[in-house]
Structure formats: structure tokens, C-alpha cells
Amino acid sequence: MQGKVYIVRHCEATGQAAEADLTEQGFKQAEELGEFFSNIKVDRIISSPFLRAIHSIENVSEMKNLQIEVDDRLRERVLSTKNLLDWYSKLKKTYDDVNLRFEGGESSQEAMDRIVSLFDEVRKEDSKHIIIVTHGNVMSLLLKHVKETVKETFSFKDWEKLSNPDVYKIETVSHKVAVTRIWRGE
């Protein structure tokens with residue numbers, strides 16, 4: 001990988017459904033995200049099909065004159081199809097046991113496998129600068145995977161520290177993969 005991959009968590013949203021849009025604050029954050037990327041080379045934008053992800057990156061798409069490619073592998077993870085009142089503690093358990101799966105849901109490993117498959121594809125594109133727009137849980141699982149390859153960690157506590165939006169850069173520096181948080185929304 002000669003280029004850079006920017007992993008973006010969507011801006012503040014009105015809810016968790018696929019059609020949930022950005023809040024008023026989220027649209028302001030999307031403008032700030034556009035300003036942040038204004039002087040950064042971008043060759044490609046790939047987004048979750050969820051409306052909040054697409055709206056988060058539209059300003060960058062227009063400014064860079066790039067089409068937003070939608071990829072279902074970037075959709076948010078479904079923890080369970082049941083309404084889990086203790087979803088937070090259940091989510092935490094899935095970081096300790098990546099194969100733990102709740103009814104109708106996806107394990108951390110399954111969600112990680114799908115985003116890593118996309119990440120591995122884009123890494124093969126030499127000298128590309130690619131933005132991937134996704135959701136907090138899926139983003140954290142990719143960061144966990146990448147950091148583990150260089151003997152670092154990304155834990156549930158790190159997921160808790162993510163913001164909406166959040167931007168991490170993944171690049172190869174001196175033959176070592178480097179993961180750096182480069183911007184976060186307020």
C-alpha cells in the first residue's frame with residue numbers, strides 16, 4: 001500500500017436506522033469534514049449505504065468531483081434483531097469474545113471480516129488515497145484488526161472514545177502499518 005486509507009465515522013445522526021439522517025449539528029460537522037479534506041489528496045470515496053454515512057461525505061465528494069461508491073460491507077453491524085435492554089454490556093462482551101453472536105445478529109468476527117475484505121482490496125491499489133465512510137462499531141473492528149497486525153490493541157475502551165465524526169489514517173511507513181487519529185468532530 002503506497003497510498004493512504006482514511007477511515008471516517010459518520011457525523012452526528014438522528015438514529016440508528018439505515019434511513020436515519022444527520023442532525024443539524026451533523027450537517028455542520030459534514031461541512032467541517034469537507035473543509036478538513038479540502039487540501040488532502042483523495043482518489044476514491046467508498047461509503048456505507050446508510051444515509052447518515054453518505055450525507056457525511058457528500059461535501060468532499062462534490063469538492064473533489066468524485067462519485068461516492070456504496071459498498072454494503074460498510075453497513076453498521078447488527079448486534080441482535082432482539083431489543084437488548086443491556087446492549088452496551090453485550091457489545092462489550094463481543095470485544096472480548098469476537099465469535100459471540102446474539103440472536104439475529106452478527107459477531108464481531110463476521111463484521112470484521114467484511115470490512116477487512118474491503119480494506120484488503122483497496123490496499124492493493126498502489127498510490128491511491130481512499131476515504132472509507134462507515135459506522136463506529138465497524139470502524140473500531142477494522143482498527144482492532146489493523147492494530148493487532150502490528151502488535152498494538154484497539155479495545156472496547158477505545159471504541160468508547162470514538163466521536164461523531166472521527167477520522168483515522170492508515171498508511172505504510174517504513175514497511176510498518178501506521179494508524180493515526182487525524183481529526184475528530186466536536
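Numbers for residues simply follow the sequence, beginning at 1.
With rounding to the nearest 0.5 angstrom, the CD1 atom of I45 is 6.0 Å from the CD1 atom of I68. Interatomic distance, OG1 of T153 versus CD of E148, reported as 8.0 Å (0.5 Å rounding). Between the OH atom of Y168 and the CZ atom of R181 there is a distance of 4.0 Å, given to the nearest 0.5 Å. The line from CG of D21 to CD1 of I54 is 10.0 Å long, rounded to the nearest 0.5 Å. Rounding to the nearest 0.5 angstrom, the gap separating the CD atom in E32 from the CD atom in Q25 is 7.0 Å. Annotation: the span from K161 atom NZ to F154 atom CZ amounts to 9.0 Å, rounded to 0.5 Å.
Checked against the 6.0 Å centroid threshold, F50 and H10 do not count as a close aromatic pair.
Looking only at side-chain heavy atoms (C-beta outward), W183 and P165 come within less than 4.5 Å of each other. The side-chain heavy atoms of R9 and N164, taken from C-beta on, include a pair separated by under 4.5 Å. A heavy-atom distance below 4.5 Å is not found between the side chains of K128 and V122. Annotation: side chain of M63 is in contact with side chain of S38 (closest heavy-atom distance under 4.5 Å). The shortest distance between side-chain heavy atoms of L22 and T14 does not fall below 4.5 Å. Using a 4.5 Å cut-off on side-chain heavy atoms (C-beta onward), V5 and F119 make contact. You'll find the side chain of N59 stays beyond 4.5 Å of the side chain of L33, heavy atoms only. Side-chain atoms of L91 and R77, non-hydrogen and from C-beta on, do get closer than 4.5 Å to each other.
Checked by atom type and distance alone, the side chain of S61 pairs as donor or acceptor with a backbone atom of L66 at under 3.5 Å. A donor-acceptor contact shorter than 3.5 Å links the side chain of K64 to the backbone of F37. Side-chain N or O atoms of D166 include none that pairs as donor or acceptor with a backbone N or O of R184 at under 3.5 Å. D97 places no side-chain N or O within 3.5 Å of a backbone atom of T94 that could act as its donor or acceptor partner.
Nearest heavy atom pair, residue R52 against residue A13, reads CD-CB, 3.3 Å. Looking at every heavy atom in both residues, V150 comes nearest to V177 through CG1-O, 3.7 Å. For the pair I182 and F36, the tightest heavy-atom approach, listed with the atom from each and the gap, is CD1-CZ, 3.7 Å. Among all heavy-atom pairs drawn from A20 and Q16, the shortest one is CB-N, 4.2 Å.
Neither V78 nor V116 shares a network with the other; the hydrophobic side chains, linked directly or stepwise wherever heavy atoms of I, L, V, M, F, W or Y lie under 4.5 Å apart, form separate groups for each. Cluster membership for V8 and M139, using ILVMFWY side-chain heavy atoms within less than 4.5 angstrom, is not shared. Grouping the Ile, Leu, Val, Met, Phe, Trp and Tyr side chains by contacts below 4.5 angstrom, directly or via other members, places L100 apart from V98. Residues I46 and M112 share a single hydrophobic cluster, defined by chaining ILVMFWY side chains whose heavy atoms lie under 4.5 Å apart. A continuous path of hydrophobic side-chain contacts links I115 to L143 [ILVMFWY only; heavy atoms under 4.5 Å].
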Review point. Can V138 and E76 be said to form a side-chain contact (heavy atoms from CB on, under 4.5 Å), step by step?
Key: CA-CA 6 Å; V138 176; E76 182 58 288; 3.5 Å; yes
Point to revise | Audit row: I130, Y6, side-chain contact (heavy atoms from CB on, under 4.5 Å) steps and yes/no | key: CA-CA 6 Å; I130 300 166; Y6 300 95; over 6 Å; no
Practice item. Under the side-chain contact (heavy atoms from CB on, under 4.5 Å) rule, what do S47 and D71 come out as? Steps first, then yes or no, please. Key: CA-CA 6 Å; S47 176; D71 194 306; over 6 Å; no
Review point. Under the side-chain contact (heavy atoms from CB on, under 4.5 Å) criterion, do L74 and V133 qualify, and how do the steps go?
Key: CA-CA 7 Å; L74 297 173; V133 187; 6.0 Å; no
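Evaluated for a side chain to side chain contact (heavy atoms under 4.5 Å, CB included) with I170, the options V146, I132, T180 yield exactly one hit, V146.
Residues S117 and D120 have side chains that never bring a donor and an acceptor to within less than 3.5 angstrom of each other. For Y95 and N137, the side-chain atoms include at least one donor-acceptor pair closer than 3.5 Å. Between the side chains of T134 and S48, no donor-acceptor pair of N or O atoms lies under 3.5 Å. E103 and S80 form no side-chain donor-acceptor contact under 3.5 Å, judged by distance and modelled atom types alone.
Classification of K93 and D96 as a salt-bridged pair fails, no side-chain N sitting under 4.0 Å from a carboxylate O. With respect to the salt-bridge test (charged N to carboxylate O, under 4.0 angstrom), the residues E106 and R114 qualify. Classification of E121 and R73 as a salt-bridged pair holds, one side-chain N sitting under 4.0 Å from a carboxylate O.
Atom NZ of K92 is surrounded by 12 or fewer heavy atoms from other residues, nucleotides or ligands within 6.0 Å.
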